[in-house]
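Everything on this sheet refers to the single structure shown next.
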Amino acid sequence: MYAPLSTYTVPVSPPLILLDPNVTGVAVSLGANLSSAEAVVIGSNLADLVKNPDFFSSADQWYASPGNYLSVYWAVDSVGGSSGGTAEIAGQVPGSFWTVTTDSAFVWQPIRTPPATITSATMTVRYRLATLTGIASATYVFGVWDPAGNGGWAWYTTGSLSTSTTYTAQTFTVSNITGDKDYLVVAGIVVSTWLTNSNVDYYIDYLQLTIQTVEYTFSNSVIDLNVTSGGPYYAWLTVTGLSTQPDLNCNITLMNWTSYRSEPIIIENGSLITNRTSEVEIPAPPSALYVSGTIEVSMVKNSALNSTINLILTYCTLPGGGGACVSYPINLTLDPPQATEQAQYNQARTSDDGVAVTALKWLRIDTDEVKPLVKKGGG
Amino acid sequence: MRNAKALLALLVLSAAASIAFASVFVYYPVSVSVSPVAPPIVFAEGSNANQPDLGGNTITVSLGANQTSASITVHPTYQTTYYKNILVINNTDTANAYYITIRVNTALPADYAGSQLIIQTSTGSITVDLTATGDTLIGQIPAGGEWTVDLSFSIPEGNPLPAPATASIQLIYSTSAETPP
């Protein structure tokens, strides 16, 4: 008995593509159809932890915590000479004869410190208050929020703001952060006004948190993921091969644009402890200002010896490996720098300017609802 | 008189010919009783049939009215795309096992190299190369047994996407392990 069966195959362009996150210390080589990648990760004893620190072409990795009256946008500041895009906080805080009205708004980004001994940390920022009208005062806020438990500031600094047509660059010494821990870096403004309405327009052009460690470290994105059609997809990473040095400690995770992070692949002392991540939903990005997700590496190693890790990124159209499932090869080389490169890297850094920290314990960062920044003027 | 003789000769000749060409037909009774039965081997939709496919498409699985034919449409992409459990082969006969052979009549073009149809039997998986014609004996599906069908496609990165293509296949089942004609 003969039963006919036919399969009609209609190939489609990759609905999920791999991208270079353009992170300092990572050299990415992408396949011709963005469905494979190789990344060389340069460890350093100075590690930048903030992704997309300059908002240059997008708000990717940043989230908004708007106020009652102040909104948060991604925008290009055409006046002050910003480097590409900025995070803009703008709005009108209403005045009242009877009371002082205070409002605040922030941008924030989740970061993870590498599993290393942090000897010092600095936060470098660039900002400009373009507009402040009425009988009002404005204060900048930069800080590191510890989301553990009920949350609280691990470190913060504030200072009085005056309107300016140019950007102010500052570097602060950051204290009280430890290795192998999740934090949020935060930047924002607090505005108080009395009697008259106050129009506010504040730009943040750059924010980077840099840590110095005894060991060679890295903790940042190595490959970005973007859904270009269909979705959401359900993805995980699996180790298919590795050649590691015995001093390598490394976590590899998948994170989507809502900052939901997978359980990690874990390598301890060069040995593979966990060979795959948990599954993460990778949705289409909320706008062109974001990508759908990212692969993060957090590593520490003492010696200048290379390790290689071969991964497969699998994504499916249904949770739990259902529907159609696609596999992309991704190879990572974890490569500490040569001594001369490290010296040049260190020399390029600036030092603390000694701005004082003032009390801000009442101010809380609400991360319950993840809000992307929107492009000012739409589009 | 001369004409009468000729006529007589023709009559004699035609009478002789009619005797020489006569046949004898003998009829023995043979009865063929045709009693159609429900097909013992049928297709059914797998757990991933008609579920989301890549790029907002659907993994389309259409079955014939009597579940004795099936057509599948899928949308793979670069690298390896795997479709698990999109079709089920059911032996509805709870008394007899059947030998199953997969015959690829029309293969996929060479730029689909590595594309496979995979039958998950109760004892393991058997793969059928969809880019080559020919028969593959899968094995004996037990009485009341159920096998699932997966598809796997490999499209190498760096080449243009292959044109859409159809593989025409037959599932052949028999009570004997004889090579099907």
Side-chain angles (χ1 to χ4, degrees), chain A residues 1-18 29-38 225-238 240 281-284 292 310-331, chain B residues 39-43 47-48 51-57 59-60 64 67-85 87 89 98 102-103 105-106 108 112 115 117 130 149 151 153 155 157-159 161-174 180:
Chain A
M1 277 62 76
Y2 297 75
L5 169 64
S6 72
T7 65
Y8 181 49
T9 308
V10 186
V12 295
S13 296
L16 185 152
I17 57 173
L18 306 178
S29 174
L30 298 170
N33 301 103
L34 309 180
S35 56
S36 68
E38 296 195 3
L225 319 174
N226 208 25
V227 171
T228 56
S229 62
Y233 298 102
Y234 301 86
W236 64 92
L237 289 165
T238 310
T240 56
E281 180 181 333
I282 307 290
S292 298
N310 306 119
L311 301 168
I312 291 287
L313 170 72
T314 305
Y315 65 92
C316 300
T317 54
L318 290 173
C325 293
V326 184
S327 302
Y328 290 170
I330 295 173
N331 296 325
Chain B
I41 302 291
V42 295
F43 294 121
S47 61
N48 285 313
Q51 294 295 322
D53 201 350
L54 302 178
N57 295 292
I59 303 166
T60 306
Q67 296 175 263
T68 54
S69 66
S71 62
I72 299 165
T73 301
V74 289
H75 305 81
T77 191
Y78 287 110
Q79 305 291 1
T80 302
T81 308
Y82 199 94
Y83 297 88
K84 188 175 182 182
N85 193 0
L87 191 67
I89 301 168
Y98 294 88
I102 296 292
R103 173 174 291 172
N105 290 316
T106 307
L108 293 175
Y112 282 97
S115 300
L117 181 141
L130 291 177
V149 178
L151 285 172
F153 298 92
I155 302 175
E157 198 176 26
N159 297 334
L161 282 173
T166 300
S168 295
I169 304 161
Q170 285 176 314
L171 181 148
I172 306 167
Y173 60 96
S174 170

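Every chain is numbered from 1, with letters handed out A, B, ... down the list of sequences.
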**Q.** Contact origin within B:Asn85 toward chain A - heavy atom pairs under 4.5 Å
**A.** neither

Q) Using a cut-off of under 4.5 Å for heavy-atom pairs, which of B:Ala163, B:Ser69, B:Pro40 has the most such pairs with chain A? A) B:Ser69

Q: Between chain B and each of A:Gly322, A:Ser36, A:Gly31, count heavy-atom pairs under 4.5 Å; write down the option with the most.
A: A:Ser36

Q: Work out which heavy atom in B:Leu87 is nearest to a heavy atom in B:Ala70; give both atom names and the distance.
A: CD1-CB, 4.1 Å

Q.
With a 4.5 angstrom heavy-atom cut-off, is it the side chain or the backbone of B:Pro39 that approaches chain A, or both, or neither?
A. neither

Q | Atom group of B:Ile155 that falls short of 4.5 Å from chain A, counting heavy atoms | A | side chain

Q. Rounded to the nearest 0.5 Å, how far does CG of A:Leu16 lie from OG of A:Ser292?
A. 6.5 Å

Q | For chain A, the option from B:Ser71, B:Ser174, B:Ser168, B:Pro52 that forms the most heavy-atom pairs under 4.5 Å | A | B:Pro52

Q. Which residue out of B:His75, B:Gln67, B:Arg103 racks up the most heavy-atom pairs below 4.5 Å with chain A?
A. B:His75

Q. Counting heavy-atom pairs under 4.5 Å to chain B, which of A:Gly230, A:Pro15, A:Gly323 comes out on top?
A. A:Gly323

**Q.** Partner chain A: residue of B:Lys84, B:Glu157, B:Gln51 with the largest heavy-atom pair count (under 4.5 Å)
**A.** B:Glu157

Q. So, do B:Tyr173 and A:Tyr2 have ring centers that fall under 6.0 Å from each other?
A. no

Q: Give, as side chain, backbone, both or neither, the part of B:Leu151 having an atom under 4.5 angstrom from any heavy atom of chain A.
A: side chain

Q | A:Tyr315: which of A:Trp236, A:Tyr328, A:Tyr233 passes side-chain hydrogen bond (donor to acceptor under 3.5 Å, both in side chains) | A | A:Tyr328

(Q) Among residues at least two apart in sequence or on other chains, which ones pass side-chain contact (heavy atoms from CB on, under 4.5 Å) with B:Ala165? (A) B:Leu108, B:Pro109, B:Tyr112

Q: Sort out for me which of B:Val74, B:Asn159, B:Thr68 touches chain A most, counting heavy-atom pairs under 4.5 Å.
A: B:Val74

Q.
Can you see whether A:Asn310 engages A:Thr240 through a side-chain donor-acceptor pair at a distance of less than 3.5 angstrom?
A. no

Q: Return yes if a side-chain donor-acceptor contact under 3.5 Å exists between B:Asp53 and B:Tyr83, otherwise no.
A: yes

Q | Heavy-atom proximity to chain A below 4.5 Å, by part of B:Phe153 | A | side chain

Q: Select one option (side chain, backbone, both, neither) describing which atoms of B:Ile59 are under 4.5 Å from chain A's heavy atoms.
A: side chain

Q. Side chains of B:Gln79 and A:Ser327: donor-acceptor distance under 3.5 Å anywhere?
A. no

(Q) Restricting to side-chain contact (heavy atoms from CB on, under 4.5 Å), what partner residues turn up for A:Pro283, sequence neighbours left out? (A) A:Pro232, A:Asn256, A:Trp257, A:Glu281

Q) Non-hydrogen atoms of chain B under 4.5 Å away: do they reach the side chain of A:Leu34, the backbone, both or neither? A) backbone

